[in-house]
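What follows is a short report on a single structure.
When a residue number appears, it is its place in the shown sequence, counting from 1.
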Amino acid sequence: MLVAERYEKIVEWVDAQGSMRVTELSERCGVTEETIRRDLDKLEQAGRLRRSHGGAVTIKYKDEGQPEIPYPERAVTHAEEKRRIADEAVKLVESGDRIALDASTTAWYMAAGLPNIPLTVLTNSIKVAAELSNKEQIRVIATGGQLASKSLSFVGPLAERSLDAYHVDKVFLSCKGVHLTMGISESNELQALVKQKMISIADEVILLADSSKFNIQAFTRVAQIESVSKVITDYGLDQDQVRMLEEQMIELIRV
């Protein structure tokens with residue numbers, strides 16, 4: 001691969017995934033990690049990406065230095081699959097449950113579908129909180145924290161500390177990537193830290209992820225796949241992915 005071709009591939013991959021590590025780029029390009037670091041330095045100087053600790057992040061979307069895709073765009077990406085997944089997730093909620101919902105668009109669809117029954121919903125999402133505001137029997141607790149404007153959510157130390165005060169029966173969350181050996185990952189470190197905290201306070205972790213997110217390893221690891229109790233996805237998974245989930249004793253629900 002010529003140097004110029006390698007530059008183009010690196011930018012293409014980083015833009016597609018939001019962020020990538022030096023080690024992964026080194027493997028894909030078949031060159032040393034030191035070569036990749038020099039490449040990233042030159043690409044940053046050219047204004048084509050932004051260097052970060054251990055890799056690079058896209059500059060395609062800018063949100064206070066965080067590579068988050070704007071909410072309206074995420075809402076229409078694989079929208080039909082997300083709605084079906086959200087509808088199935090609602091079936092797992094029982095009256096009296098205490099649940100946590102992250103700031104994903106799938107969680108927003110789920111909030112819209114929740115019946116007006118006695119529940120406590122803990123969330124860092126402004127969209128989720130607003131969606132539930134007219135359901136009188138649902139008690140909504142928002143984390144507060146630093147506003148991430150692209151995702152309309154709260155992140156940062158205050159959001160994480162506020163979650164420490166609670167315990168929930170179930171957490172419903174999505175992610176940027178699901179890799180069956182490397183785990184669940186996010187392109188945004190602040191979002192990843194909030195999701196980690198939600199997982200730590202929940203009895204049961206339910207992952208909402210359409211099949212396009214599988215075999216993707218984004219920049220920041222959220223958790224090992226073993227921390228998940230159930231995965232709700234569509235029928236796009238191949239048999240190897242299904243087998244690996246079953247070997248991990250994870251309940252797979254496909255819609």
Side-chain angles (χ1 to χ4, degrees), residues 1-63 65-70 73-74 77-78 81-82 104 150-151 173-193 195-196 207-228 231 233-245 247-248 250:
M1 186 184 296
L2 298 175
V3 174
E5 183 183 359
R6 189 170 70 240
Y7 286 173
E8 293 303 316
K9 283 294 183 183
I10 288 172
V11 173
E12 178 185 334
W13 292 330
V14 171
D15 281 348
Q17 292 194 205
S19 61
M20 289 188 72
R21 293 187 180 276
V22 167
T23 51
E24 186 176 2
L25 289 168
S26 173
E27 291 173 2
R28 287 197 184 192
C29 294
V31 297
T32 66
E33 293 184 13
E34 186 57 39
T35 298
I36 291 296
R37 291 188 186 96
R38 289 196 296 267
D39 289 349
L40 295 181
D41 288 340
K42 291 178 180 177
L43 289 167
E44 183 177 49
Q45 291 169 11
R48 303 197 63 191
L49 50 72
R50 183 170 61 83
R51 289 284 272 120
S52 67
H53 180 69
V57 296
T58 184
I59 59 171
K60 189 175 181 182
Y61 305 106
K62 294 182 179 179
D63 182 12
Q66 301 298 328
E68 287 196 301
I69 298 173
E73 183 164 339
R74 288 194 291 127
T77 304
H78 300 285
E81 292 91 339
K82 290 176 180 178
S104 63
K150 289 289 191 296
S151 59
L173 57 87
S174 189
C175 59
K176 179 74 172 181
V178 185
H179 195 284
L180 296 182
T181 55
M182 300 306 295
I184 306 163
S185 55
E186 271 293 338
S187 59
N188 184 290
E189 288 184 273
L190 294 178
Q191 294 288 355
L193 289 169
K195 292 173 197 278
Q196 286 174 3
L207 181 63
L208 315 176
D210 66 79
S211 58
S212 72
K213 295 181 177 180
F214 281 75
N215 285 337
I216 299 294
Q217 184 183 356
F219 187 63
T220 302
R221 181 179 295 177
V222 174
Q224 293 289 351
I225 194 69
E226 293 91 339
S227 66
V228 174
V231 173
T233 186
D234 56 69
Y235 281 94
L237 295 192
D238 61 40
Q239 286 306 305
D240 286 340
Q241 293 167 333
V242 172
R243 176 181 52 79
M244 290 183 72
L245 286 169
E247 288 175 353
Q248 298 287 349
I250 297 170

Partners of [X] by salt bridge (Lys or Arg N to Asp or Glu O under 4.0 Å), sequence neighbours excluded?
X    : answer
E24  : R28
E33  : R37
E44  : none
E247 : R243

State which residues pass side-chain contact (heavy atoms from CB on, under 4.5 Å) with [X]; sequence neighbours excluded, sorted by chain then number.
X    : answer
E12  : K9
S185 : A218
L193 : E160, Q196
E27  : none

Give, for atom [atom1] of [X] and atom [atom2] of [Y], the distance between the pair rounded to the nearest 0.5 Å.
X    : Y    : atom1 : atom2 : answer
Q217 : S187 : CD    : OG    : 13.0 Å
S211 : D238 : OG    : CG    : 9.5 Å
I184 : I225 : CD1   : CD1   : 4.5 Å
D234 : S212 : CG    : OG    : 7.5 Å
M20  : I10  : CE    : CD1   : 9.0 Å
C175 : Q191 : SG    : CD    : 12.0 Å

Tell me, do [X] and [Y] make a side-chain contact under 4.5 Å, heavy atoms counted?
X    : Y    : answer
L173 : L207 : yes
T181 : M244 : yes
S104 : L208 : no

Residue pairs involving residues 211-225 (criterion salt bridge (charged side-chain N to carboxylate O under 4.0 Å, His left out); sequence neighbours excluded): none
Indicate yes or no: does D41 engage R51 in a salt bridge with an N to O separation below 4.0 Å. yes
Residues V14 and V57: closest non-hydrogen pair is CG1-C, 3.6 Å
Least distance between heavy atoms, C29 atom then W13 atom: SG-CZ3, 3.6 Å
Could you go step by step and tell me if L40 and L25 meet the side chain to side chain contact (heavy atoms under 4.5 Å, CB included) rule? CA-CA 10 Å; L40 295 181; L25 289 168; 4.1 Å; yes
N/O donor-acceptor pair under 3.5 Å between S26 side chain and V31 backbone: yes
E186 side chain to K176 main-chain N or O, any donor-acceptor pair under 3.5 Å? yes
Which residues satisfy the side chain to side chain donor-acceptor pair (under 3.5 Å) test with [X], sequence neighbours excluded?
X    : value
R21  : none
N215 : none
T32  : T35

Working for side chain to side chain contact (heavy atoms under 4.5 Å, CB included), residues V178 and V231: CA-CA 10 Å; V178 185; V231 173; over 6 Å; no
